[in-house]
Number of protein chains: 2
Amino acid sequence: MFTLAEENYLKAIFHLENDYGTGVSTNAIADKMDTRASSATDMIQKLADKKVISYQKYKGASLTKKGKSIAVNIIRKHRLWEVFLVEKLDFQWDEVHEIAEQLEHIKSDELIQRLDLFLGHPDFDPHGDPIPDKNGYIKPTEKKLLSKLKKNQQGICVGVKESSAKFLQYLDTRKIGIGSSIKVIEKEDFDQSMTIQVSNKQFFITKQISENLYLKTI
Amino acid sequence: MFTLAEENYLKAIFHLENDYGTGVSTNAIADKMDTRASSATDMIQKLADKKVISYQKYKGASLTKKGKSIAVNIIRKHRLWEVFLVEKLDFQWDEVHEIAEQLEHIKSDELIQRLDLFLGHPDFDPHGDPIPDKNGYIKPTEKKLLSKLKKNQQGICVGVKESSAKFLQYLDTRKIGIGSSIKVIEKEDFDQSMTIQVSNKQFFITKQISENLYLKTI
DNA sequence: CTTAAAATTTAGACAAGCCTAAAAAATAAA
DNA sequence: TTTATTTTTTAGGCTTGTCTAAATTTTAAG
């Protein structure tokens, strides 16, 4: 069995490997966990002892098969609970992350199985992230960052990369959400800013925004 | 903010005060928490420092107003989650306690408020225990132990005292549940055993059973 | 290729919660 | 009321997960 802290480290390492490739540095982990490098080293060594990560001193860490399976299971639980909070309890999509961070650690396979059924086996969470199935399989989705689109290309918003409450609230004020149709009207080479159209309204957005919105292009 | 351990101690002390009156002994607490008296003493001193219990060395502990309010809130969460598990996820009443023990520590007032609404503001949990309202008020219920009934008296089962899975499963096999109508057919003075009638079937039950079933007499 | 800087690890401490063993206080028995 | 027993507390340790400060290794710069 794994402690809450161990589970959180595994999840952090999973996300870091996903975003920046395999072999995660101690500092990157410490950063993500909002702790000191020395604390991260301690935990990395413990997780290596437990065979859930492979690790060589000074060389970074990677999840083993077992570690990945644990991490994915936590992510599955997190995302299912987010669906529950939004679909059943009517939370907004920017309010659910912190609560799901707690709920993801509840230990009961039966509970998750029944929750999944109750929610109708959802494929995506409220931010458009795919929900791993009970075997840990994550359906690959073809999605593109809005920042990669050229002038006149368009797509449907299928997810957000950043999912801080602030960013999500920003999107809310612009009526951008999962399912929104977005078209690039103008793109500035110099600073990558864009003018986009969302249901016949046009907005000016910075690179910081376009780099955090995933679209499925049509 | 209170730690998981602190919350569990507060809950234990609340239940002990409820069952056996105010001023709970260190041993009783240690027993309930399945730990050693010395560990209980440590925690009692910490809780006293935090002003959630009043305590004098060698004299036992009692919840302060603040401590009681925290304990009741945890119990409210526990019972609401139990309703959720049974009503929405179709768990059996003997399967929900352990999961609710985990869920009761999730920290979010908003979550509980919405869960309560989602469940339709239930008054009782699946074992017949009253759910405190958001102000901590517990509606007093007039219920009687089956063991207190005399021959030919009857009532409706409104709760169980013991709520271990084993006892609940015992009741299931006899088709006794919340709402069942129970009549005392015969009562043995010597060992307090009884013959009872539940929907035109008669059973023989021991004192151990009748002392753990609450009825509302008609 | 040698030195400076950055990243990482080790050493030693600390708080929370638990433990065992021993001391102290309260209660029961003689 | 004095002694024996039980209850409770204290003392000292252990583990988990954190920290700071110092040592070590790796990487980057000159």
Next item on the list: Can you check each nucleotide of nucleotides 5-12 of chain D against protein heavy atoms at under 4.0 Å and return B for base, S for sugar-phosphate only, - for none, in 5' to 3' order?
Entry: --SBBB--
Is a side-chain donor or acceptor of [X] paired with a backbone partner of [Y] at a separation under 3.5 angstrom?
X	Y	value
B:E95	B:Q92	yes
B:K161	B:N212	no
B:T22	B:E17	no

Given atom [atom1] of [X] and atom [atom2] of [N], what is their separation to the nearest angstrom?
X	N	atom1	atom2	result
B:E6	C:dC18	CD	C1'	14 Å
B:M1	C:dA15	CE	P	21 Å
B:L47	C:dA16	CG	C1'	12 Å
B:L4	C:dA16	CG	C1'	12 Å
A:M33	D:dC19	CE	C1'	15 Å
A:D31	C:dT8	CG	C1'	14 Å
B:M43	C:dC19	CE	P	11 Å

Which pairs, protein N/O on one side and nucleotides 1-5 of chain C N/O on the other, fall under 3.5 Å?
none

Next item on the list: Compute whether any side-chain donor of one residue and acceptor of the other, for A:N8 and A:H105, lie under 3.5 angstrom apart.
Entry: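 Yes, a side-chain donor-acceptor pair sits under 3.5 Å.
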Next item on the list: Would you please say whether a donor-acceptor pair under 3.5 Å links the side chains of A:S108 and A:E110?
Entry: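 Result is no, nothing qualifies.
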Notebook entry, point to check: Do A:V72 and A:Y137 come within less than 4.5 Å of each other through their side chains, counting heavy atoms only?
Noted result: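 They are not in contact (no side-chain heavy atoms under 4.5 Å apart), so the answer is no.
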Margin query: Ring centroids only, cut at 6.0 angstrom: are B:F84 and A:F84 within range, meaning strictly under it?
Written below: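 They qualify: ring centres under 6.0 Å apart.
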Check: For the ring pair A:H97 and A:H78, is the centre-to-centre distance below 6.0 Å?
Finding: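 Ring-ring flag for A:H97/A:H78: true, centres closer than 6.0 Å.
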Note to self: Per the ring pair (Phe, Tyr, Trp, His ring centres under 6.0 Å) rule, what does the pair list look like for residues 4-44 of chain A, sequence neighbours excluded?
What the structure shows: none
Notebook entry, point to check: Has A:R36 got a side-chain N or O lying under 4.0 Å from the OP1 or OP2 atom of D:dT18?
Noted result: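 No, outside the criterion.
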